[in-house]
Structures are given as structure tokens and as C-alpha cells.
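To start, the structure itself, in C-alpha cells.
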Amino acid sequence: MAEKINEDKITDQQTYLNRRTFMRAAALAGTATATTLLYRRLNPPPPVPVEGEKLNDVAKAAIDGNGFTTNERLTPITDITNYNNFYEFDTTKDGVASAARGFVTQPWAVEVGGLVHKPKIFDIDELLKFPLEERVYRLRCVEGWSMVIPWIGFPLKKLLEKVEPTPQARYVAFETLLDPKRMPNQETGVLDWPYVEGLRLDEAMHPLTILATGLYDEKLPPQNGAPVRLVVPWKYGFKSIKSVVKITLVADEPPATWNIQAPHEYGFYSNVNPNVSHPRWSQATERRIGEFGRRKTLLFNGYADQVAHLYQGMDLVRNF
Ligand SMILES: Nc1nc2c(c(=O)[nH]1)N[C@H]1C(S)=C(S)[C@@H](COP(=O)(O)O)O[C@H]1N2
Ligand SMILES: [Mo]
């Protein structure tokens, strides 16, 4: 019965989160300028007391417990937007922001198809109408640094449910935009373009897996993957593919850019794992951007309670 209890607990915790995100959403929904409003740095209205309760430390700890947020200090927005990996624009971390400035993301569409009953092309405006939530996640780059990022987005599951995957669908393949005119570093052969990534269907349907359309109270900046990018918090950062234009349900494990590039260094799963070293360096510790020293890297980036069951019986050294 342990599972039953756990499920009740999660439902309860989601209630807290939903109340909180509802306040944010309610201020925005139903107005012509909803999108614009979200995308400005708002002075949020004073918090509305929820049924006489404040979102106190107890509630915050409860949310923390389901992985949807964390009490850890947020990485400043200047770091999140100026220390990036986005090889389509630049291969240096501090060069991406300026190279991506002015990246045109309107119009934009995400084509969702493959092994589904209802393939559909989603216009970005339609994606922005999905009920948005705030998710404060740790992001752990395979290079050994990490950040804490308050994303705005929605569970990928909500999108996948709309297209109705067929029973044959076992994986989800993702693709970034291919347009060397707009993504100048695609003129080079530093990677095979377009950048592609993949998840097993159960990973894609996991409640922690989101499509992000914003961060802090901002529209997703170009350097962070505008206008929509994947975020999978228990995997190394490179799984969280940016500027997505195509999502395809498939039967077999799809190609993934870094796995193609260096298969012995980057596996398909790429779950954060301090016990499995990269061939050229240890993954046991990480540097939190903005901090001195290093902290211990946690198994599944600290999301083990939420995701470990997905890999039960799997050898995580073999399936790295
Ligand atoms: N299309 C695309 N997606 C990408 C990358 C990339 O180069 N191209 N870099 C990945 C890597 S290595 C990391 S660590 C994260 C960084 O996301 P951030 O810049 O928003 O922190 O994006 C990932 N998604
Ligand atoms: Mo990364």
C-alpha cells in the first residue's frame, strides 16, 4: 500500500502548487494582453490569501518534496541569460547571448506527429495558452556546473495527450529549428544539424518533464531556447533541447545529438549520476553558478524520489 499513500501525498502537494500557480494564471488569463503581460516584468499584485492560509514554509517544503520547486537560492537572471550552451549560436558560454540577440521566433510552430492518432501543428500562440505553471528546477550541465532556474511552462504530457499516442509509440523524438540564416553557427559543422534529442515515452510523460516558454517573469530569452524548449530536470542539461520545432512519437530509440557525436561519452539516458564518471572527468561534484567551491552532485540531480522507479532493474552504468 506504500504506493497508494504516496499517490495521495502527491495529489495533496499538487493542490498547493496549483493554488499558487493559479494566482499567477488568474491575473493573466482571459485578457487580450495575457501573453504580453506574462512577458513583461510584472509587479505582481499582493498575494491573495488562499482559504485563510499563507504559503508558509510548511507548504513550501511540501512542494519541495514533489520536486516541483526547491528552497535553494535562485540563480540570478543575469547568469541564466549570459552563461549558456546553445551551439546553434556560439560555442562559448558567454558568446551565446549576443549571438542570439534578435532571434526571430514569430511566426513559430511545433509539428507533433508520428505514431499518434491526432497529429497536429501547434502554433506558438496556442502553446502559450496551455495553463502555465512555475517550476523551480536545478539544471546540471554535464560539464560540471549547475543553476537553479524558475521556469514557466507546462507538462509535456499535456501536449502529448492531445495528439493521442498509439500503442506502438515507445519513444519521443525532438528537433530544434534548422535555419542557418537565423542560427548562424549552423553554417559550421561543429555538430550535425538540426540538434535532436529523445526520451522514452514514460520519461516524456513524467510530471516533472515540461516544455518551458518563460523564466522568472520573462518570455523565454533567445539564448535559453526561445520560444519553447524542453526541460528534463533529472538529466544532464543537453537533453533539454532548445527552440523545438518538431516532436515525433516513434517505436525505436531516436538519435540524440551528443550521443551521435561521442557515443562513449554521452549515453541516450544521460541521467545525472555522481557514480558514473564521464570518461574525461568525474561527475561527483558540481559548481553552482554564483557560488564558490563545489557541492556534491545528487543521483538523478536530486529527483530520485520522483524518477528512480522509471529505471528499476536497469543497470545505470551500462545505460548511462
Ligand atoms: N538546440 C540546442 N539545445 C540545447 C543545447 C544546444 O547547444 N542546442 N545545449 C544544451 C546544453 S549542453 C545545456 S547545459 C542546456 C543549457 O540551457 P540554458 O542555456 O538555458 O541554461 O541546453 C541544452 N539544449
Ligand atoms: Mo550542458
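Hydrogens, waters and symmetry mates are skipped; everything else that's a heavy atom, side chains included, is used. As the structure lists them, so they are numbered: ligands from 1, and atoms in each ligand from 1.
Gly237 O, 3.7 Å is the protein heavy atom nearest to atom 15 (C) of ligand 1. Atom 10 (C) of ligand 1 has Phe238 CA, 3.6 Å as its closest protein atom, hydrogens excluded (heavy atom only). If you check which protein heavy atom lies closest to atom 19 (O) of ligand 1, you get Lys242 NZ, 2.7 Å. In this structure, atom 12 (S) of ligand 1 lies nearest to the protein heavy atom Asn85 ND2, 3.4 Å.
Interface of Tyr87 with ligand 1, defined as ligand atoms under 4.0 Å from a residue heavy atom, comprises 6 (C), 7 (O). For ligand 1 and Thr176, the ligand atoms under 4.0 Å from any heavy atom of the residue are 1 (N). Near Ser240, the atoms of ligand 1 lying under 4.0 angstrom from a non-hydrogen atom of the residue are 22 (O), 23 (C), 24 (N). The Cys141 neighbourhood of ligand 1 comprises atoms 14 (S), with distances under 4.0 Å to a heavy atom of that residue.
In summary, Lys296 and Glu286 do not engage in a salt bridge, as defined by a charged side-chain N under 4.0 Å from a carboxylate O. Using a 4.0 Å cut-off between charged nitrogen and carboxylate oxygen, Lys239 and Glu197 count as a salt-bridge pair.
Contact annotation: for Glu88 versus ligand 1, heavy atoms closer than 4.0 Å belong to the side chain alone. Contacts of Tyr195 with ligand 1, taken as heavy-atom pairs under 4.0 Å, involve the side chain alone. Only side-chain heavy atoms of Arg229 come within less than 4.0 Å of ligand 1; its backbone N, CA, C and O stay farther off.
By the neighbour-count criterion of 12 heavy atoms within 6.0 Å, atom CZ of Arg182 is densely surrounded, having more than that number from other residues, nucleotides or ligands. A 6.0 Å sphere centred on CD1 of Ile260 holds more than 12 heavy atoms belonging to other residues, nucleotides or ligands. At most 12 non-hydrogen atoms from other residues, nucleotides or ligands lie less than 6.0 angstrom from CZ of Arg101.
Residue Trp145 has no N or O atom closer than 3.5 Å to an N or O atom of ligand 1.
Aromatic ring orientation, Tyr311 versus Phe300: parallel (interplanar angle below 30°, classes split at 30° and 60°). The aromatic rings of Phe86 and Phe89 lie perpendicular to each other, with more than 60° between the two planes, well past the 30° mark.
Heavy atoms of Ser243 come nearer than 4.0 angstrom to ligand 1 in no pair at all. Assignment of Glu143 to the shell around ligand 1 is not supported, since no heavy atom sits closer than 4.0 Å.
Considering Val96, Asp90, Thr92 in turn, Thr92 is the only one that fulfils the side chain to side chain contact (heavy atoms under 4.5 Å, CB included) rule with Asp94. For the pairing with Glu175, the side chain to side chain contact (heavy atoms under 4.5 Å, CB included) check across Val110, Val196, Ile241 returns one residue only, Val196.
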